[in-house]
There are 2 protein chains.
Amino acid sequence: AEGHPGHHGSEQSSHRLLAYSDALISIIATVMILPVCHTKIRADQELEESLQQLLSTKIAVYIMTFLIVTVAWASHIRLFQVIERIDDVLALLNLACMMLITFLPYTFSLMASFPDDTLGILSFCVCAIIIGLIQAVIVIYGFHRPYLLNAHICASEDQFSYKYQILKMILRAPALFLLAGILSFIYCPVAYAVLALVIFLPYITQCTQWCRNKIKGPKELQRVPFYSFHPNEPLSKERVEAFSDGVFAIVATLLILDICEDNVPEGKEVAEKFNGKLIEALSEYGPEFLAYFGSFVTVGLLWFVHHSLFLYITKSTRLMGLLNTLSLAFVGGLPLAFRLTHEFAANSRNELEAIQISCVIIFLASLFQFAIWAAALYNEKETLHHHIRYGGKEHALMFAKLSLYPSVAFVTFCLTYVLSKFSTEIFHLMQIIVPFAFVLLRIIVQIVLAILAWLFSRLKPRTSLLIEEEESVISVSEVAS
Amino acid sequence: AEGHPGHHGSEQSSHRLLAYSDALISIIATVMILPVCHTKIRADQELEESLQQLLSTKIAVYIMTFLIVTVAWASHIRLFQVIERIDDVLALLNLACMMLITFLPYTFSLMASFPDDTLGILSFCVCAIIIGLIQAVIVIYGFHRPYLLNAHICASEDQFSYKYQILKMILRAPALFLLAGILSFIYCPVAYAVLALVIFLPYITQCTQWCRNKIKGPKELQRVPFYSFHPNEPLSKERVEAFSDGVFAIVATLLILDICEDNVPEGKEVAEKFNGKLIEALSEYGPEFLAYFGSFVTVGLLWFVHHSLFLYITKSTRLMGLLNTLSLAFVGGLPLAFRLTHEFAANSRNELEAIQISCVIIFLASLFQFAIWAAALYNEKETLHHHIRYGGKEHALMFAKLSLYPSVAFVTFCLTYVLSKFSTEIFHLMQIIVPFAFVLLRIIVQIVLAILAWLFSRLKPRTSLLIEEEESVISVSEVAS
């Protein structure tokens, strides 16, 4: 009954509000891949040339939108780490905030299409300022009704100082956006510089702090919990999962949306061109269906790896959240990559390049997933379930799961260079083999481990010493952390 | 730590798998509204005529897809009420099942476009048979590893009989689909009849059982829990919420997807047609933006009402699930309705009709939400939090929340008949007023209640008797339930 209304009558658990917000934000983050996907490429055009045109604006807009929306999402997380329970007013204010966030991609594509016009940057700044003001209103409202607040802040005696500091952090962004808006009337490039500064400030601060911590050792405790950009600061694992699920779900279905809309042949066409034989008309769309199944399987399996990893993560940090965002940004590019693979004539240079781009995107998306684990292992006592720590009983299996896609994508990429004539066949073979590899992974890992153990026991007969060595490595890392 | 792996090493909580499945299914359920939305309507065409054309196939496809996908979703819920924990193999099998479900809308639109061709019905049957077989494999796998099963079945001594009965229920549908597939080669209409029977069997059984229960009183207990179609049977409230959130989120963003893709003007066009004035070029798209904000606000507020209602629901039943599905099917139609309102010339007959259609859709979507509450009140002891039962302290507020949209839509509809000249203004005024009405609802309800109390106290000075009467009504309903 934890979700039910509390004793103040009107306040409620924020769980479902956050789930809905995550769903909206994940759709919006991936929406700008659609204009990229729907760019018409003529089959006779060289891909490199058209890619340059694509890369120049649309892909840049997609990546920037993804980053900006995730920045807005991160600030939303921070906000609702302070406000833990909601009431009707907060729910409605949050919906207003969501509406403005969903409008951000449009202002951004205006900026990209008309970089010299102040209208794009101005509309972006106006949206961002209103979002900031709504967040400030939410905080003020929350401190007015302390039972809505985080238990830690609610119990604190220094509520006023908390409120002041949080408001200062929230209102810093709108103030800078206001500055950018005013500057846009005077000289656009400076306004863009201010904009970039505001947007990437959290990331830059994270990186510098992380580097400084590595050199100087961890700093003293921050005064306001949640409202800092420390990379080891906890990030709601539930929300990272909900956001990732949303992105994976929308990306997996993007191609079927297109297929349902565009690839139903017209009755007249079938009767005239194919003598009324529907199956012949549909076989024209064969490559589209293949691309759909390929992208669904790849996205589904990347979700599966993500799900397996986060199952064993006990606490997620900002650094892991950043790596997750980067991974998801590449996942969003998958439908584009798979669509490209069937746009060109068989065995053309374009097709080869499209396949190689697909491999690179799969490689990077899965590599960043691996990086999440690597970042978690760095601090494994806090962040990981004991099963997948160094020496844990699921450690090898998790390693295999996370490294399967990067290695397969890398091998496929190399093979398409060497055997460029058979690149399509190699790529499709890879798509068919990988799901089976995942099904049989546990058995494969056990066989490989048995072989390794046998090899080690032949090379070094002192197996017991090896285990001792491994254990000493673990204890060293324990001391280090 | 409930989500973490259990002591068998490989089994996991199914929570996130189900959330991801819900996200995928909700996107797929609403996807067929896109071809309807994107149907080009010439401004000079009469809406009625084009609507007939629309209604004939595309809207029918949308509604049928929605119902079929929700039937598949209901069977997915039943399945994972038996299988409560998952492992890697089940996660991968479920992904395969999801891929086939995402393909169902396409086969359905093939059927609608080529009703005489066997290919459409055949591909649908093949998908449905494979889905059924995968579900059977999941059940067999689950019974092979009893720690994955529902605690009740796991503890039962009669596992074999459970397994047998569940498999029989699951395989009934594929067997009938196989029959339909074979029949499609002989005589298509019979095959369609069999198909309709399989798809609507759960709904028909629900209705007949409900009617019979009302007449004859409740039957004896079912043998297999979860695998019956009893309308009072519990339906996972969490999954109903997740599915609804997915539908609301995708519907709320459908129009911004279109706007981001289509409504960024081209640099050349702006330079030539508008003398380089971007703002003039954008003002052309004004109606599109208005439609977007209108549909986002309406969908957002309908989500808010849904959220408020489900917060106080302690147990959801199949009947409530069915009403919720119907409500969501109309919610999915909202972007279409709002798009229509700006497609036509101002004050044309088409525009008036488009506005009236919008009102009808809003009315029906919100009325079915009200019906969920009415169905819950029928059995309030089991299904509702005491705050919103008859006489509960939030009862009046919930009534106001749920009846606001139906009454506003009804009044707007009537007003557009009477004052057809000002229909657009009335409609936009409605859109602006409703959010404020929701913000101030608590105060409005208190004022109305105070006025009512004052009126009653003037009419009947014996207020105490009135309260006693109300209490006796409650006790009667308690006895009846």
Side-chain angles (χ1 to χ4, degrees), chain A residues 3-5 9 12 16-17 19-20 23-24 27-28 31-32 34-35 38 88-89 91-92 95 98-99 102-103 105-106 109-110 113-114 117 119 241-242 245-246 248-250 252-253 256-257 259-261 264 267 278-279 293 296 300 303-304 307-308 311-312 385 387 393-394 435 438-439 442, chain B residues 3-5 9 12 16-17 19-20 23-24 27-28 31-32 34-35 38 88-89 91-92 95 98-99 102-103 105-106 109-110 113-114 117 119 241-242 245-246 248-250 252-253 256-257 259-261 264 267 278-279 293 296 300 303-304 307-308 311-312 385 387 393-394 435 438-439 442:
Chain A
H4 291 299
Q12 314 140 5
R16 202 180 153 196
L17 180 88
Y20 183 61
L24 281 176
I27 293 171
I28 291 307
V31 65
M32 293 313 291
L34 278 179
H38 292 169
D88 285 2
V89 177
L92 292 168
L95 281 179
M98 281 302 123
M99 191 167 77
T102 59
F103 201 67
Y106 183 74
S109 57
L110 272 188
S113 307
F114 303 92
D117 203 296
L119 194 66
E241 286 181 355
D245 281 351
F248 280 114
I250 193 87
T253 45
I256 200 76
L257 301 192
I259 285 178
C260 280
E261 197 167 354
V264 180
L278 183 58
I279 197 151
F293 286 117
F296 192 98
W303 174 83
F304 172 72
H307 164 252
S308 302
L311 202 68
Y312 288 98
H385 190 270
H387 277 177
K393 65 173 182 172
E394 301 274 313
F438 269 107
V439 174
R442 192 173 284 274
Chain B
H4 290 300
Q12 316 141 3
R16 200 178 155 198
L17 179 87
Y20 183 61
L24 280 176
I27 294 172
I28 289 308
V31 64
M32 292 313 291
L34 279 179
H38 291 168
D88 285 2
V89 176
L92 292 169
L95 281 179
M98 280 302 123
M99 191 166 76
T102 59
F103 201 66
Y106 183 74
S109 57
L110 272 188
S113 306
F114 302 93
D117 203 297
L119 193 67
E241 286 181 355
D245 282 352
F248 280 114
I250 193 85
T253 46
I256 200 75
L257 301 192
I259 286 178
C260 280
E261 196 167 355
V264 180
L278 184 58
I279 196 151
F293 286 117
F296 192 99
W303 175 84
F304 172 72
H307 164 252
S308 303
L311 201 68
Y312 287 97
H385 190 271
H387 277 177
K393 67 174 180 171
E394 300 275 312
F438 270 107
V439 173
R442 193 174 284 274

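Since the model is a prediction, treat every value here as computed from it, not as a measurement. Side chains are part of it too, since the values below use all heavy atoms of this structure and drop only hydrogens, waters and symmetry mates. So that the names make sense, note that chain A is the first sequence line, chain B the second, and so on, each numbered from 1.
Of the two parts of A:F438, the backbone and the side chain both hold a non-hydrogen atom closer than 4.5 Å to a non-hydrogen atom of chain B. Looking at B:S113, the atoms closer than 4.5 Å to chain A (heavy atoms on both sides) all sit in the side chain, from C-beta outward. For B:I28, the part lying near chain A is the side chain, with the backbone staying farther off; criterion is any non-hydrogen pair under 4.5 Å.
B:L257 and A:I27 get closest at one heavy-atom pair: CD2-CG2, 4.3 Å. Looking at every heavy atom in both residues, A:D245 comes nearest to B:A19 through OD2-CB, 4.2 Å. Nearest approach of B:H307 to A:R16, heavy atoms of both residues: CA-NH1, 3.3 Å.
For A:F103, the ring-ring contact (aromatic ring centres under 6.0 Å, His included) partners at least two apart in sequence or on another chain are A:Y106, B:F289, B:F293.
Between chain A and the residues B:L17, B:V31, B:L92, the largest count of heavy-atom pairs under 4.5 Å involves B:L92. Across A:C260, A:A23, A:A252, the residue that shares the most heavy-atom pairs under 4.5 angstrom with chain B is A:C260. Between chain B and the options A:I259, A:V89, A:T102, heavy-atom pairs under 4.5 Å are most frequent for A:T102.
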How far apart are the C-alpha atoms of A:D88 and B:F304, what are their side-chain angles, what is the distance that settles it, and do they pass the side-chain contact (heavy atoms from CB on, under 4.5 Å) test? CA-CA 8 Å; A:D88 285 2; B:F304 172 72; 3.6 Å; yes
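You'll find the side chain of A:D117 stays beyond 4.5 Å of the side chain of B:I279, heavy atoms only.
Atoms CD1 and CE, from B:I256 and A:M99 in turn, are 10.0 Å apart once rounded to the nearest 0.5 Å.
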